[in-house]
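What follows is a single structure, and I will ask about it in a moment.
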Number of protein chains: 4
Amino acid sequence: MARPSNTDERREQITRALQKVMAKNGYDGASIADVASAAGLATGLVHYHFKNKLEILLAVVKRIAEAHDSNLAHVLEKAEGDPVRELAAFIDFHLALESADPETLACWITVSGEALRESRVRRAFEGAMAGTVESLASIVRRGVEGRVFRCDDDKSAACALVSAIQGYFVLSATVPSLIPRGSAARAVRQMATGLLSPTRPLPAPGRRS
Amino acid sequence: MARPSNTDERREQITRALQKVMAKNGYDGASIADVASAAGLATGLVHYHFKNKLEILLAVVKRIAEAHDSNLAHVLEKAEGDPVRELAAFIDFHLALESADPETLACWITVSGEALRESRVRRAFEGAMAGTVESLASIVRRGVEGRVFRCDDDKSAACALVSAIQGYFVLSATVPSLIPRGSAARAVRQMATGLLSPTRPLPAPGRRS
Amino acid sequence: MARPSNTDERREQITRALQKVMAKNGYDGASIADVASAAGLATGLVHYHFKNKLEILLAVVKRIAEAHDSNLAHVLEKAEGDPVRELAAFIDFHLALESADPETLACWITVSGEALRESRVRRAFEGAMAGTVESLASIVRRGVEGRVFRCDDDKSAACALVSAIQGYFVLSATVPSLIPRGSAARAVRQMATGLLSPTRPLPAPGRRS
Amino acid sequence: MARPSNTDERREQITRALQKVMAKNGYDGASIADVASAAGLATGLVHYHFKNKLEILLAVVKRIAEAHDSNLAHVLEKAEGDPVRELAAFIDFHLALESADPETLACWITVSGEALRESRVRRAFEGAMAGTVESLASIVRRGVEGRVFRCDDDKSAACALVSAIQGYFVLSATVPSLIPRGSAARAVRQMATGLLSPTRPLPAPGRRS
DNA sequence: GATGAATGAGGCTTCATTCAT
DNA sequence: TATGAATGAAGCCTCATTCAT
């Protein structure tokens, strides 16, 4: 008797549309009209499915974070619990910049900018970053336990590598020509070496040492 | 009878004002009215001294970059040409986050966001980043020449360390609680070790090894 | 197979809901969505039972007027046809403000505002007021016939007392603190005294003494 | 050197415009665009001179109240301190409805409606009503002191007459045909008679006189 | 140089009403 | 009857920029 609810689809559509528009125009530059039109919907419908623009942004952050976490988990699985290979996979997963989705990248930089001033965005951003840092810290910790890494502060080490990754995101999204082609993952692997003094070299991507 | 031109003062006032307002509200969120009021000037005057809002932003970028470069140069001078001490000084200069000016930090993150979509901002941002990378690359190069570092790609190494620094900027401005207190400089020094295999340890700040 | 029509119930539900919402938010401030939700119905259903928002408002006016008239009639019955007691009952019925339903009161003020500009609301409002005035005029008339009142214009007298009552409605709904507690009915009874068996006239303006 | 400020004129223009538009369309029905166009100004200018729509409404209330108070004071002056004449003048001033400005009248009813739900409007409305009541109460008090009135509660009496006046406002603005032509002032004068030198009281409800 | 009023486009949001199911 | 998604027109407000003085 009633129309079946398609709210979830619509919300997904709208979220995707904001992500796309925001990557090009920024958050403030992404008007609801733009978003609606990118989603192929009427303007009013956007506010039927989202209370306001900020909620869409939060949905975008959630969306990106969830996709990231799930992809990362998938990649880590292949390392079969070996911290050395996990670390390498972690780095390569994040810094295969050539094959990265530039839209998501730009969006993420934009999100970090909004996190500066909107507490709810900050919270969401923080959650995502904390999760990523913790995920890496756990790899480090297991490596230390297994005597393949040496490190007295896994949190700091994880945070440093995540910072390097985030910094590469910024550079590759804004001034990619500054990054020698293909150098990112390799350099971060070397930096990880400095932090963790691994007993055997970190494997390069694709290679299964 | 002509009044002495005070254009430079005014431009400086306005630039400083945008920097302040932008740190809190972002670039789009910084209205000319806000800027004028923060500068203690009338609205109309802003557009007398700047063609439009973008020009003020470019002036802000220039201002921050120049202050950065000059401060960095000053800090490096104290290392008396010793690449090892210069590298340590470079890292400490950027990552003494506790004493950093949060306004400038937030502003810089914001600028990187604008660089994503405004070509002139991107160019200015790129210039600043390129200068910083090159400055570090030159330290590395001289270290390699003097056999205190080992590294076959100074550009990549410099870029990696600058990325790490930029990443720490983002994290410290948005989710500072994620960074173990005081860990940033130390961790980056260790990462530099991995990149450059220095013959003697990088000195901690203040210590003259 | 036909479902028994519940249109009347639904219309009543919706009408009650508008009355409630309107008391708090005014007519323009009462969105159909608010009304539907207050009625526990789906939005679309409102327009199934009412052509448009105005029709609901008219139903509200009708509802309030009918309840008023029926309650008033009931109260007057107790006076057993004695105009003096009827008059007192009429006044007390309207001005027992302490026990009045504030929702209906606010709603009535709001209706009077809409009557200013919507002819159909005005007509409905006018009908209600005319009925009330006539009901009071009839009491006065019978009092005059029975020599318990003196008054040569029952319409004017009734209108004056109804005005006083309406004025008290406005004040008690907006600035109740201005009305000395419990004074309304008493004062109007005294005013009725003046109208219906006056002692000496106040001089008209311009006349001295 | 600078343009002379004309803010006061503009604010007055805008306030007058809202009063005019609001009399016809109500407060919610008076769009800023309507107001601007009625004032012969650009839309944006309205918000340059007023923070928001509510502030304009408050200015309207203030405007009406001040004009009222000043006109009333002027009228009362002519009564040369004689309470009896002052009372008559007070009543006639308010109830010369034939010569009243219908725009202001409608506006005042509308204001009372907004006072129901907006605390700042309520405060302003209350201030105006309290002033008027007090002004009348003071007349009554002096009349009692001078033995020309009998009344043990000047506040209640003043409030009753002001209610009657407010009620006449409502009726004359919405259903003028209900008021016998020219009866308002006369009837209120008679009601004042009842309040201020009553002969015998109406029986309270429940009592069977 | 300086002031601050003026302009008008455009942004976010709300809403009455319609419609497919 | 009932649902709730969909539409698109306004409405309020902000703002970069211009301009008269």
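Worth saying up front: this structure is predicted, and the values here are computed from it rather than measured. Proteins come first, then strands; the chains are lettered A, B, ... in the order of their sequence lines, and each starts at number 1.
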Please state whether the phosphate of E:dA2, meaning OP1 or OP2, lies under 4.0 angstrom from any side-chain nitrogen or oxygen of B:His49.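 B:His49 to E:dA2 OP1/OP2: side-chain N or O found under 4.0 Å.
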
Could you tell me which non-hydrogen atom of D:Ser112 sits nearest to which non-hydrogen atom of C:Val170, and how far apart they are?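 Where D:Ser112 meets C:Val170 most closely, the heavy atoms are CB-CG1, 4.0 Å.
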
Tell me: CD1 of C:Ile14 to C1' of E:dA16, nearest whole Å?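 The answer, rounded to whole Å, is 14 Å.
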
Pairing partner (Watson-Crick or G-U wobble, both distances under 3.5 angstrom) of E:dT13: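 Partner of E:dT13: F:dA10.
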
Paired with E:dT21: which nucleotide, if any, by Watson-Crick or G-U wobble criteria at under 3.5 Å for both distances?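 Paired with F:dA2.
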
Under 4.0 Å between a side-chain N/O of A:Asn52 and OP1 or OP2 of E:dT14, yes or no? no

Rounded distance in Å - NZ (D:Lys53) to C1' (E:dT14): 13 Å

In whole Å, what is the span from the CZ atom of C:Arg11 to the C1' atom of F:dT1?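 About 15 Å, once rounded to whole Å.
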
Between CZ of D:Arg120 and CD of D:Glu126, what distance do you get to the nearest 0.5 Å?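 These two atoms lie 15.0 Å from each other.
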
For D:His47 and E:dA5, what is the distance between atoms NE2 and P respectively, to the nearest whole Å? 16 Å

Among F:dA6, E:dC12, F:dG8, which nucleotide has an atom closest to any side-chain atom of A:Thr43? F:dG8

Using whole Å, report how far CD1 of B:Ile32 lies from P of F:dT17. 6 Å

I want to confirm an ordering. Mapping A:Asp34 and C:Asp28 to their closest nucleotides on DNA chain E, which one lands closer to the 5' end? A:Asp34

Side-chain H-bond candidate by donor/acceptor type, C:Arg10 with C:Gln13, under 3.5 Å: yes

Determine whether the side chains of B:Ser37 and B:Asp34 contain a donor N or O and an acceptor N or O closer than 3.5 Å. no

Need to verify one output field. Residue with the more 5' nearest nucleotide on DNA chain E, D:Leu41 or C:Leu54?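 Between the two, 5'-proximity favours D:Leu41.
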
Distance, rounded to the nearest Å, where A:Tyr27 contributes OH and E:dG11 contributes P: 14 Å

Can any side-chain N or O of A:Lys20 pair as donor or acceptor with the backbone N or O of A:Ala39 at less than 3.5 Å?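 Side chain of A:Lys20 to backbone of A:Ala39: no pair is present.
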
Figure out the NZ/C1' separation between D:Lys51 and F:dC13, and round it to whole Å.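 In whole Å, F:dC13 C1' and D:Lys51 NZ are 12 Å from each other.
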
Closest of E:dA6, F:dG11, E:dA16 to the D:Ser31 side chain is F:dG11

Out of F:dA5, E:dA2, E:dA5, whichever nucleotide has its closest atom nearest the side chain of A:Thr7: F:dA5

First of A:Tyr48 and D:Gly44 reached from the 5' end of DNA chain F, by closest nucleotide: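 With A:Tyr48 and D:Gly44 compared, the 5'-side residue is A:Tyr48.
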
Looking at the side chain of C:Ala42, which of F:dA16, F:dG4, E:dA6 is the nearest nucleotide? F:dG4

Check every strand shown and say whether D:Ala30 touches a base, only sugar-phosphate, or nothing at a heavy-atom separation below 4.0 Å.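 Counting heavy atoms under 4.0 Å across all strands, the contact made by D:Ala30 is with sugar-phosphate only.
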
For C:Val46 and A:Arg10, take the nucleotide of DNA chain F holding the closest heavy atom to each; which residue's nucleotide lies nearer the 5' end? C:Val46

Taking CD from D:Glu118 and C1' from F:dC12, how many angstroms apart are they, rounded to a whole number? 15 Å

Is there a side-chain contact between D:Asn6 and the phosphate of E:dA6, meaning an N or O under 4.0 Å from OP1 or OP2?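 Checking E:dA6 against D:Asn6, a side-chain N or O does come within under 4.0 Å of OP1 or OP2.
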
Between B:Tyr27 and B:Leu54, is there a donor-acceptor pair closer than 3.5 Å when you use the side chain of the first and the backbone of the second?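 Looks like yes, one N/O pair under 3.5 Å.
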
Nucleotide of F:dT17, F:dT3, E:dT3 approaching C:Leu45 most closely (side-chain heavy atoms): F:dT3

